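The structure appears right after this line, and notes come after that.
Since the model is a prediction, treat every value here as computed from it, not as a measurement. Worth knowing before you read on, the calculation uses all heavy atoms, side chains too, and leaves out hydrogens, waters and symmetry mates.
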Amino acid sequence: MAEGFEFSFEGLEELQRDLEKAVQKAPAQAEKTLIELAKEFKKSAKKRAKEDTKHVNREAGEERKAIANRWGHKLVGDRLGAAALVWNSAPHFHLVENGHQLVRNGRAIGFVPGKHIMEKTRNDYKEIVPERFEKMLNDILEESDLD
C-alpha cells in the first residue's frame, strides 16, 4: 500500500477570498443586467408596436397613440429569484396582440389577426439574454480574479 503520501494546499485562502468577492457581486450585477435587459426589451417592443400598428386620430383631432406610449417594466422578486416584467397598459393591447373578432352592428364580420408584438420581441431576445448573462458572469469572474 501507499505509505508516506503527504498533501499540502497553498493559496486556498486567496481562492476563498476571490470566490466570496464573486458571490457578493453576483446578485447586484444580475439585478442590474436584468433591469438593462428589461429596458432594452421594452424599447424593442415599443418600436415594433409603432411599426406594426396604425395610429388613428381620436376625439377633437388629438392624436393618441395608446399602445405606443403605455409601456412599463419593473423587477419583481428578490435578488436571487428576480424576474423582469414588461407590459403594455393600453386597455385594448391584448386585442392587438392576440387578434379579435371584427364586429359591426353587433355581428362578427371577420377576424383581425394579432400582431404578436410581445411574442416576436421575446423570440428576438432568446439568444440575447443568455449571451448577456454569460458576459455578466465572465465580467464578475474577471473582476474577482477567477478567470
Side chain to side chain contact (heavy atoms under 4.5 Å, CB included) involving R107 - partner list, sequence neighbours excluded | none

Would a 4.5 Å heavy-atom cut-off, applied to side chains only, mark M136 and K32 as touching?
-> no

Is there a side chain to side chain contact (heavy atoms under 4.5 Å, CB included) between N88 and I117 once you walk through the steps?
-> CA-CA 10 Å; N88 188 295; I117 296 162; over 6 Å; no

Kindly write out the residues that satisfy side chain to side chain contact (heavy atoms under 4.5 Å, CB included) with H94, not counting sequence neighbours, or none if the list is empty.
-> N98

Check S44 against T121 and note the closest heavy-atom contact, atom names and distance.
-> CB-CG2, 3.9 Å

Applying side-chain hydrogen bond (donor to acceptor under 3.5 Å, both in side chains) to R132 and not counting sequence neighbours gives E36, E40

Path from L34 to V23 over hydrophobic side-chain contacts below 4.5 Å = no

Set of residues satisfying side-chain hydrogen bond (donor to acceptor under 3.5 Å, both in side chains) with respect to K120, sequence neighbours excluded = none

Of all residues at least two apart in sequence or in a different chain, which pass the side chain to side chain contact (heavy atoms under 4.5 Å, CB included) check with V103?
-> Q101

Could you walk me through whether K46 and K43 pass the side chain to side chain contact (heavy atoms under 4.5 Å, CB included) check?
-> CA-CA 5 Å; K46 186 175 182 176; K43 185 177 177 181; 5.7 Å; no

Is any side-chain heavy atom of E119 closer than 4.5 Å to a side-chain heavy atom of R122?
-> yes

Would you mind reporting whether H92 and I67 have side-chain heavy atoms less than 4.5 Å apart?
-> yes

Report the residues that fulfil side-chain hydrogen bond (donor to acceptor under 3.5 Å, both in side chains) with K25, sequence neighbours left out, ordered by chain and then residue number.
-> E143

Quick one: list whatever passes salt bridge (Lys or Arg N to Asp or Glu O under 4.0 Å) with K135, sequence neighbours left out.
-> D139

Kindly indicate, with the supporting measurements, whether the criterion side chain to side chain contact (heavy atoms under 4.5 Å, CB included) is fulfilled by E97 and K115.
-> CA-CA 5 Å; E97 177 72 7; K115 302 293 183 182; 5.5 Å; no

Would a hydrophobic clustering, with Ile, Leu, Val, Met, Phe, Trp and Tyr connected at side-chain separations under 4.5 Å, put I109 with F111?
-> no

What residues form a side-chain hydrogen bond (donor to acceptor under 3.5 Å, both in side chains) with D124, not counting sequence neighbours?
-> R48

Partner residues of N105 under the side chain to side chain contact (heavy atoms under 4.5 Å, CB included) criterion, sequence neighbours left out | none

Apart from L95 itself, its cluster of hydrophobic side chains linked below 4.5 Å comprises none

Could you tell me the separation between the CZ atom of F133 and the CD1 atom of I140, rounded to the nearest 0.5 Å?
-> 10.0 Å

Nonpolar side-chain network containing L85, other nodes, edges under 4.5 Å = V76, W87

Qualifying ring-ring contact (aromatic ring centres under 6.0 Å, His included) pairs with a residue from residues 15-51, counting only residues at least two apart or across chains | F41-Y125

Do the non-hydrogen side-chain atoms of R70 and P91 ever get within less than 4.5 Å of each other?
-> yes

Gap separating the OG1 atom of T33 from the CD atom of Q29, nearest 0.5 angstrom | 5.0 Å

